[in-house]
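See below for the structure under consideration.
In listed order, ligands and their atoms are each counted from 1.
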Amino acid sequence: MKTEKLKIALQKSGRLSEDSMNLLKKCGIRFTNGLGKLRAETENFPLEIYFLRDDDIPEYVADGVADIGIVGENVLAETEKSVEIIEKLNFGKCRLSLAVPKNFDYRSVKDFEGKRIATSYPNILRRFFAANNVNAEIHTISGSVEIAPSIGLADAVCDLVSSGSTLFTNGLREVETVLNSEAVLVSHTALNADLQAVLDKFLFRIKAVKAAEQNKYILLNAPNEKLEQIIEILPGIKSPTVMPLAETGWSSVHSVINENDFWEIVEALKNTGAEGILVLSIDRMIQ
Ligand code: PRT
Ligand code: ZN
C-alpha cells in the first residue's frame, strides 16, 4: 500500500525559508526546490512541500489544505487561526515590541494612553492594550513601520525586533516586549491515522536534530584521583564513559553536555586538573 503524503507548508522566500529547508535536509529528507516552484515532492520521505507566503500558512493548515506548516508565533498569534503547535524549532527568534522616539519620556505602559501606534500586528497589540487597560489608537500599516513616527503618522510603533538596529537607526527606543516569537511546527487539528504516523516519524527526526544542536560531545583526560570530582561535574546522558589511558594512573572521560552550560562546565573541569579537553558537535542525538 502506498503511504499517504503529509503536506507541509513552508515560507517561499523570506527569513524562515532557509532554516526551514535546512531542517528538512538535516532530517534526511531529500527534495528538489527549483527556484520559483510552488510545490516540491520529496524523494525518500512521504512529504509534499508547498511554498507559500508566511501570512497564508496558518489558514492553509487550519483549512487542511496543508497538514502541517512552519511559521512564526507572531504570525500565528496575529491570524488567530485554529491550528495546533507541535514543536518549537529554535530559529526565527524575534520579539514584537513597542518602541518610542528617543525624546519620548517613557515611564510605563500607561504612557500609551490616547497615543497613535503604527503596527502590522493590530490584533496582538489590541489584546496587549486591553490586558493593560490602555486605550490607544492602533494604525495598521503593512510595511516600513519604523518610519511612521518620523513622518508624523504615529507617536510610537509596535514591530518585530531581532538585533534592534532597525529601531536604533530610526531614532526609536524599545520599551515593552509584547510577544516573544520563534518558528514553530504547526499541524491541522484532525489528521487521519496514516498522516499522524508520518508526522510522528518526522517529529522524531526533528527532535533528534534539535537535541544534537543543543548538546556537545566532550572528551578529556584526567588523573585517576580526580575522576570522582570530574564525574560529578559532568552530567552525561546516563553517566560519563570512563576508559583507562595507556599511561597508568590516567583515564579518558567522555560525556555529553548542554550547550547552555558549556563554558561553566569546561572551566570547572580545567580547575580540577582535566587535560586535553576536546569538544565536538553532535550530528544527531536520539534520546
Ligand atoms: O513574503 P512573506 O510574507 O512570506 O514574508 P514577510 O516579509 O512577511 O516575512 P519575513 O521573511 O521578513 O519574516 C518571516 C518571519 O521571520 C517573521 O514572521 C518572524 O517570525 C521572523 N523574524 C525573525 C523576523 C525578524 N526576525 C525580523 N527582524 N521578521 C522580521 N524582522 C524584521 C522586522 O520587521 C524589522 O523590520 O527585521 C527588522 C528588525 O530587525 P533588527 O535586526 O534590525 O532588529
Ligand atoms: Zn508575511
Parallel, tilted or perpendicular: rings of Phe45 and Phe202 (30°, 60°)
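Rings of Phe202 and Phe45: tilted, 30 to 60°.
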Proximal atoms of ligand 1 relative to [X] (non-hydrogen, under 4.0 Å):
X      : value
Thr166 : 38 (C), 39 (C), 40 (O), 41 (P), 43 (O)
Gly14  : 11 (O)
Gly164 : 41 (P), 42 (O), 44 (O)
Val75  : 18 (O)
Gly72  : 20 (O)
Val161 : 44 (O)

On a heavy-atom basis, which atom in [X] and which in [Y] lie closest, and how many Å separate them?
X      : Y      : result
Arg39  : Glu41  : NH2-OE2, 2.5 Å
Phe128 : Thr177 : CE1-O, 4.2 Å
Asn74  : Leu179 : CA-CD2, 3.6 Å
Ile70  : Ile57  : O-CD1, 3.6 Å

Heavy atom of the protein closest to [atom] (residue, atom name, distance):
atom                    : answer
atom 22 (N) of ligand 1 : Cys94 SG, 3.6 Å
atom 1 (O) of ligand 1  : Arg53 NE, 3.6 Å
atom 15 (C) of ligand 1 : Leu16 CG, 3.8 Å
atom 8 (O) of ligand 1  : Asp54 OD1, 3.4 Å
atom 35 (C) of ligand 1 : Leu160 O, 3.6 Å
atom 34 (O) of ligand 1 : Asp159 OD1, 3.6 Å

Using the rule that two of Ile, Leu, Val, Met, Phe, Trp, Tyr join whenever any of their side-chain heavy atoms come within less than 4.5 Å, decide whether Leu47 and Val61 are in one cluster.
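Looking at the clustering, Val61 is in a separate group from Leu47.
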Would you say Val71 and Ile206 are hydrophobically clustered, going by side-chain heavy atoms of ILVMFWY under 4.5 Å?
no
The Zn ion (ligand 2) is nearest to which N, O or S atom of Asp55?
OD1
Answer key: the N, O or S atom of Asp54 nearest to the Zn ion (ligand 2) is OD1
Which part of Gln11 is near ligand 1, with near meaning a heavy atom under 4.0 Å away: side chain, backbone, both or neither?
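Under 4.0 Å from ligand 1, Gln11 contributes side-chain atoms alone.
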If you measure from each non-hydrogen atom of Val145 to ligand 1, which part falls under 4.0 Å: side chain, backbone, both or neither?
neither
Does any N/O atom on [X] come nearer than 3.5 Å to any N/O atom on ligand 1?
X      : value
Glu146 : no
Ser163 : yes
Ser162 : yes

Determine, considering heavy atoms only, which of Leu167, Leu10, Asn74, Thr169 sits nearest to atom 19 (C) of ligand 1.
Asn74
Can you tell which of Glu182, Lys93, Glu78, Arg15 gets a heavy atom nearest to atom 16 (O) of ligand 1?
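Closest candidate by heavy-atom distance is Arg15.
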Dump the intermediate steps for side-chain hydrogen bond (donor to acceptor under 3.5 Å, both in side chains) on Glu267 and Asn271, then the final yes or no.
CA-CA 6 Å; Glu267 277 156 18; Asn271 292 337; over 6 Å; no
Report yes or no: does Thr119 contribute a side-chain atom to a donor-acceptor pair with the main-chain N or O of Thr140 at less than 3.5 Å?
no
Counting N and O atoms only, with roles assigned by atom type, does the side chain of Gln214 sit under 3.5 Å from a partner on the main chain of Glu259, one being a donor and the other an acceptor?
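No: the side chain of Gln214 does not pair with the backbone of Glu259.
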Give a yes or no on whether atom 37 (O) of ligand 1 lies under 4.0 Å from any heavy atom of the protein.
yes
Do other residues, nucleotides or ligands put more than 12 heavy atoms under 6.0 Å from Tyr60 OH?
no
How about Glu18: does its CD atom have over 12 heavy atoms from other parts shown lying under 6.0 Å from it?
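Check fails, neighbour count at 12 or below.
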Of Glu174, Glu176, Arg173, which meets side chain to side chain donor-acceptor pair (under 3.5 Å) against Ser97?
Glu174
